[in-house]
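When reading the values below, keep in mind they use all heavy atoms of this one structure, side chains included, and skip hydrogens, waters and symmetry mates. Each chain gets a letter, A, B and so on, in the order the sequences are listed, and its residues count up from 1.
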Protein chains: 2
Amino acid sequence: MGTTKSEVFSEEINDLSSLFKAFGHPARIAIIQFLRTQEKCICTDLVKELPLAQPTISQHLKELKNAGIIQGSVSGTSICYCLNLEKISELDAFLASLKYDQNPTCC
Amino acid sequence: MGTTKSEVFSEEINDLSSLFKAFGHPARIAIIQFLRTQEKCICTDLVKELPLAQPTISQHLKELKNAGIIQGSVSGTSICYCLNLEKISELDAFLASLKYDQNPTCC
DNA sequence: TCGCTATATTGCAATATTACGATATACTTA
DNA sequence: TAAGTATATCGTAATATTGCAATATAGCGA
């Protein structure tokens, strides 16, 4: 008990749910929104922008990177992060499929 | 420590992340996919379909309902669940906004 | 009413997540 | 090389999530 029973679900389902899970935290949504509106990517700006400690932000960035939602490229002493639109499109495609397949006589 | 610091984020961000979080579990994705492909809605079919105990499925259904992702209508002794396309569109809109606002010179 | 079926709730053990201080790593510049 | 800046990792306490047995609730037909 206590553990998610990932073994019993398909890889596709597990991949999708991991991707959604990565979006499922306010700090990570805030990071994504900041990445969206900034001219330049970022780095330590997030630490100034968000009311969270640096290790906490670093941890959330890591999770977003592991999920493939953001990419980071080293630029001297700092790291420039940006959104990975391909991953975002995967979720988009899933949500779109829910809409098109829907049976209109249901409920 | 240990608690998500929701207070420091806007309501919009918290709402969005809660919605994503509800999608962030393989059992809930499986329920959503099943709801998508079934002619009729469901009820106890999920218990037969998924390798999880009835209370566990009931709990996941509750979370999906709380998030507004599914709706249930009582039909005699059973309950007919279906997807709420409006909520799904909210996520869709967010993901779409990420794509359109993106700065192409970044990273 | 009694038993049956469908679903929800409770309680709890196992595990995962969150946040952060302390510390490590690594590049840069004086 | 030493000091400074940027970021990552470790360790850990607090809290949340997951899964399920046991049990409760509720409609239905005999």
Take atom CD1 of A:I79 and atom P of C:dT28, then tell me their distance rounded to the nearest Å. 12 Å
Would you indicate whether the side-chain heavy atoms of B:L64 and B:F23 approach each other to under 4.5 Å? no
Would you indicate, yes or no, if D:dT7 has its OP1 or OP2 atom less than 4.0 angstrom from a side-chain nitrogen or oxygen of A:T44? yes
Expressed as a whole number of angstroms, how long is the span from B:D45:CG to C:dT7:P? 8 Å
Starting from the 5' end of DNA chain D, give me the residue, A:I42 or A:K21, whose nearest nucleotide shows up first. A:I42
Between CG of A:L98 and CG of B:L35, what distance do you get to the nearest 0.5 Å? 9.5 Å
Polar side chain donor-acceptor pair, A:R36 to B:S97, under 3.5 angstrom: yes
Closest nucleotide of DNA chain C for A:V74 versus for A:T4: which of these residues is on the 5' side? A:T4
A:L61 CG - D:dA6 P separation (whole Å): 15 Å
Side-chain donor/acceptor of A:Q59 to base of D:dA8, under 3.5 Å: no
For D:dA6 and A:Y81 - does any side-chain N or O of the residue sit under 4.0 Å from the phosphate oxygens OP1/OP2? no
Please state whether the phosphate of D:dA8, meaning OP1 or OP2, lies under 4.0 angstrom from any side-chain nitrogen or oxygen of A:S58. yes
Donor-acceptor pair under 3.5 Å: do we get one between A:Q54's side chain and the base of D:dA6? no
Of A:T77 and A:P51, whose closest DNA chain C nucleotide lies nearer the 5' terminus? A:P51
Does any non-hydrogen side-chain atom of B:E12 lie less than 4.5 Å from one of A:Q33? yes
So B:H25 and B:H60, would you call those rings parallel, tilted or perpendicular, with 30° and 60° as cut-offs? tilted
Evaluate whether atom CD of B:E86 has more than 12 neighbouring non-hydrogen atoms of other residues, nucleotides or ligands under 6.0 angstrom away. no
So what does B:I57 hit on the nucleic acid, given a heavy-atom distance under 4.0 Å: a base, only sugar-phosphate, or nothing? nothing
Atom-pair distance (CD1 on B:I31; C1' on D:dT18), nearest Å: 13 Å
Could you check how far CZ of A:F23 sits from P of C:dT17, rounded to whole Å? 17 Å
Find which nucleotide of DNA chain D each of B:E63 and B:S75 is nearest to by heavy atoms, and output the residue with the more 5' nucleotide. B:E63
Closest approach to the side chain of A:T3, judged atom by atom: which nucleotide of D:dT18, C:dA16, C:dC20 is it? C:dA16
What nucleotide among C:dA19, D:dA21, D:dG19 has an atom nearest to a side-chain atom of A:T56? C:dA19
Please confirm whether the shortest side-chain N or O distance from A:H60 to OP1 or OP2 of C:dT17 is below 4.0 Å. no
So if I take every side-chain heavy atom of B:P55 and compare against D:dT7, D:dA22, C:dT7, which nucleotide ends up nearest? D:dA22
With respect to the phosphate group of C:dA19, does any side-chain polar atom (N or O) of B:K5 fall under 4.0 Å of OP1 or OP2? no
Whole-Å gap separating C1' (D:dA8) and CG (A:L64): 15 Å
Whole-Å distance separating the CD1 atom of A:I29 from the P atom of C:dT18: 12 Å
Phosphate-side-chain proximity, A:H25 and C:dA19, N/O vs OP1/OP2 below 4.0 Å: yes
Rounded to whole angstrom units, what separation is found between the NZ atom of B:K62 and the P atom of D:dT25? 15 Å
